[in-house]
4 protein chains.
Amino acid sequence: MTGQLRADAKRNRDQILAAARDLLVNQGVGVPMEEIARHAGVGVGTLYRRFPDRIALLRALSVHTVEHMTDLARTALRTEPDAWTALSRFVRECVALRLGALRSIVDPQLHTALHQSDEVRSARKDLLRIVEQMIDAAQRDGSMRTDVGVVDVAMLVSLHLKRPFDVPGVLAEEMDARLTQLMLDGLRPGCATPLPGKPTSFADVEWHADH
Amino acid sequence: MTGQLRADAKRNRDQILAAARDLLVNQGVGVPMEEIARHAGVGVGTLYRRFPDRIALLRALSVHTVEHMTDLARTALRTEPDAWTALSRFVRECVALRLGALRSIVDPQLHTALHQSDEVRSARKDLLRIVEQMIDAAQRDGSMRTDVGVVDVAMLVSLHLKRPFDVPGVLAEEMDARLTQLMLDGLRPGCATPLPGKPTSFADVEWHADH
Amino acid sequence: MTGQLRADAKRNRDQILAAARDLLVNQGVGVPMEEIARHAGVGVGTLYRRFPDRIALLRALSVHTVEHMTDLARTALRTEPDAWTALSRFVRECVALRLGALRSIVDPQLHTALHQSDEVRSARKDLLRIVEQMIDAAQRDGSMRTDVGVVDVAMLVSLHLKRPFDVPGVLAEEMDARLTQLMLDGLRPGCATPLPGKPTSFADVEWHADH
Amino acid sequence: MTGQLRADAKRNRDQILAAARDLLVNQGVGVPMEEIARHAGVGVGTLYRRFPDRIALLRALSVHTVEHMTDLARTALRTEPDAWTALSRFVRECVALRLGALRSIVDPQLHTALHQSDEVRSARKDLLRIVEQMIDAAQRDGSMRTDVGVVDVAMLVSLHLKRPFDVPGVLAEEMDARLTQLMLDGLRPGCATPLPGKPTSFADVEWHADH
DNA sequence: CATGAATGAGGTTTCATTCAT
DNA sequence: TATGAATGAAACCTCATTCAT
């Protein structure tokens, strides 16, 4: 019974998260809670039972997404022949995810609120740690410029969290791919121009971890 | 007399635009109209007299900003010794502008609405035209990879329209500068990896001009 | 359970309609929605949940009222010994209803908006059909002039949709009754003066039905 | 100079009244003061200089209209061969005037406010007096039923102050003419049914005169 | 004296959240 | 426990009126 119920509950939770993700990606941060509930096929009441308020929903979404990214990173690292290839693949996959849900990140206040959660911070730490491994390895074998750190890469990826606008005659996916490639090329050693400041590594941020 | 009155009105208009810009940059697209009015030191009524509704305000802001960017581009092209330097400077200046007002662009619906205005489209055309000149020149003298077009550059810049989040121990300005440089390096010929698709030039979009 | 809930909702809906009717009759079309809500003993939110906007409320009210009139017409036709008596009674009852809610009809734009609803049009058709039956019968047995049609009668009745102003020393009800009688007398054959144009029957309007 | 100015002022005043009348007739009581000013070709300031507030404008309009009706009544009485013909003509002319400006009369509060002006009351008295003369004469020569008084007629006419709704296939003017004729026929002796109450004459209301 | 800019109270509507069923 | 009805604070916008030019 409890098992049954839990399964139901889990399913509800997932449907809600999926609906929230879709709507946030497509309609912006303003989507009414009621619409999210409707898309998830549940009543508002149920939504609020699972997530006490809007910010809790966004937090859960955030954690969910970051965990997904961590999986992608781990798999890439394990599967690809070398670190740079792994990193490129990871970055491309992140962008392809259309992580619009994190677009909320665009609102400074929301962003702050989001990161006041230990769960979010911890998920993010896991992700940063593994990405840093990729970066380190790539830099060691000379396939990546050495004056950049995890934070630089994270910021670059986060720039892509928004959906690219439609350009007449260019597919959004293609545009995405082009921009991503340009970004990756900029991380290569061949064309490196000196950067202001120093790279920020995982160790430098882990105690605050609210960027 | 009417002139005098107009001066007042003009001043109000400018104050409103300035206030709107600030607040939009710092608080996101959701800022209440009343708060904008308060910051501008006028009543809501005045705000609505100048800009019939929220979208009209955003449009005006958009045009204003784009025109400013066009000035920057023109000046850079005139002042700098070569095209690539001009383009780099222009890109850095755009980013430094913290064009947060255009962050509205992050909401697909808002973006569409924004571009239903001839004034916006035309301002944008002017900007694209001059940026394309810079790009062409830089490509001709071999300082820029030749497989990118205005639209790629415009999209790259637009990625910066949002304020970078605070990373502990790193100044936002520094972070901005680093990311910008990485992006610019990616546009150089030295490290170019083939891009999917073809570059989109001004001529390809000018008839629609709503990207 | 759902049934029970619905019962509550139904009651609220009816209270809102009743309150709206009262206030519209007594204070004109301009009554604030909040006041309607307050009089109905519910929050504004509830009002808006039932009726998405002001016009929807007016439409519902309109349908409700027209249906009531249809009932009156049917009953009169069934109960009274002859058609003219039935028609007179129906007209008197309509007037007595103080159909002030329909006073909205006084505003051309509102009127147009009102009739863009199929429900309203269909309710009105039902009413017109039955009234036409009364008229036809009355005309056949010679108790009513034959140069008038439903539309004439409908328009005459609609003239009464506004509350008569207080005349010192005359009760509003009495005034109403006198005017109604004068109108009814004008529909008799005894004093008929030729009318310009031709009578409009139900068949002539039913396809448009938006008068 | 003063003469010149006064002429200007007079012209302004008349233009405002005309514009107000048009707009009220066509768009309902809700017309913004600014729109009235625009239609009159003056600024709001000027409008407010002439009429301290909205109600003052409506009052002036009311007086203006009633005086016009009085003129019509007098002329009809002087010109037509007999009293009933004069009365019929007067009634038809009033209806044709489309006295929509007085539609304000539809809002009870407005109506009350309107009649708190001596000027309005006095203009109305003049009108009632002359109409009563017509009625008396018509009743004396047997062309009008004797159980009705000025107030009945006034109320009947006032019912026509609203614009008739468009009925597909029937011209508004024709509809107006038909209804008016039906009303007039009801005032004839031929088909008279006993009325409840007693007729109210001018003398009965003149001391209060705020119906 | 005319103008139209500015004001702000007040009406309309939306939506996050609570709560009865 | 799921539902969706109810709530009301807060946003948006309008317009009567005042006031500086």
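The figures here come from the full heavy-atom set of this structure, side chains too, leaving out hydrogens, waters and symmetry mates. Quick note on labels: first sequence line is chain A, next is B, and so on, each numbered from 1.
- Shown here for Ala56(D) and Phe51(D), the closest heavy-atom pair between the two residues is O-CD2, 4.1 Å.
- Residues Leu47(C) and Ile36(C) form a side-chain contact, since some pair of their non-hydrogen atoms from C-beta on lies under 4.5 Å apart.
- Taking side-chain N and O atoms only, Thr46(C) has no distance below 4.0 Å to OP1 or OP2 of dA5(F).
- Here side-chain hydrogen bond (donor to acceptor under 3.5 Å, both in side chains) pairs that include residues 35-49 of chain D, with residues two or more places apart or in two chains, are Gln27(D)-Glu35(D).
- Sorted by first then second residue, the side-chain hydrogen bond (donor to acceptor under 3.5 Å, both in side chains) pairs that include residues 51-60 of chain B, not counting sequence neighbours, number zero.
- Remark: Asp22(D) pairs with no residue by the side-chain hydrogen bond (donor to acceptor under 3.5 Å, both in side chains) rule, at least two apart or across chains.
- Counting any heavy atom pair closer than 4.0 Å across all strands shown, Arg50(C) reaches sugar-phosphate atoms only and no base atom.
- Protein atom CZ of Arg11(C) is 14 Å distant from nucleotide atom P of dA20(E), rounded to whole Å.
- Distance Arg49(B) CZ to dG4(E) P: 9 Å, rounded to the nearest Å.
- Rounded to whole Å, the distance from CZ on Arg38(C) to P on dA6(F) is 18 Å.
- In this structure, the CZ atom of Phe51(D) is 12 Å from the P atom of dA2(E), given to the nearest Å.
- For the pair Gln15(C) CD and dA5(F) P, the computed distance is 16 Å after rounding to whole Å.
- If you measure from atom NZ of Lys10(C) to atom C1' of dG4(F), you get 18 Å, rounded to the nearest angstrom.
- The nearest whole Å value for the distance from the CG atom in Leu47(B) to the C1' atom in dA5(E) is 14 Å.
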Scan nucleotides 13-15 of chain E against the protein and return all N/O pairs shorter than 3.5 Å with their distances rounded to 0.1 Å.
residue : atom : partner  : partner atom : Å
dT13(E) : OP2  : Tyr48(C) : OH           : 2.7

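- Taking the charged nitrogens against the carboxylate oxygens, Asp14(A) and Arg11(A) have no contact shorter than 4.0 Å, which rules out a salt bridge.
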Pairing annotation in dot-bracket form, given for DNA chain E with Watson-Crick or G-U pairs under 3.5 Å and | for cross-strand partners: .||||||||||||||||||||
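- With rounding to whole Å, Leu57(B) atom CG is found 14 Å from dC13(F) atom C1'.
- Contact between the side-chain N/O atoms of Asn12(C) and the OP1/OP2 oxygens of dA5(F) is not found at any separation under 4.0 Å.
- Between atom CZ of residue Arg124(D) and atom OG of residue Ser62(D) there is a gap of 6.0 Å, rounded to the nearest 0.5 Å.
- Residues satisfying the side chain to side chain contact (heavy atoms under 4.5 Å, CB included) criterion with Ala40(D), sequence neighbours excluded, are Gln15(D), Ile16(D), Ala19(D), Val42(D).
- Taking every side-chain heavy atom of Val42(A) into account, dT3(F) is the closest of dA6(F), dA2(E), dT3(F).
- Interatomic distance, Leu17(A) CG to Leu57(A) CG, rounded to the nearest 0.5 Å: 6.5 Å.
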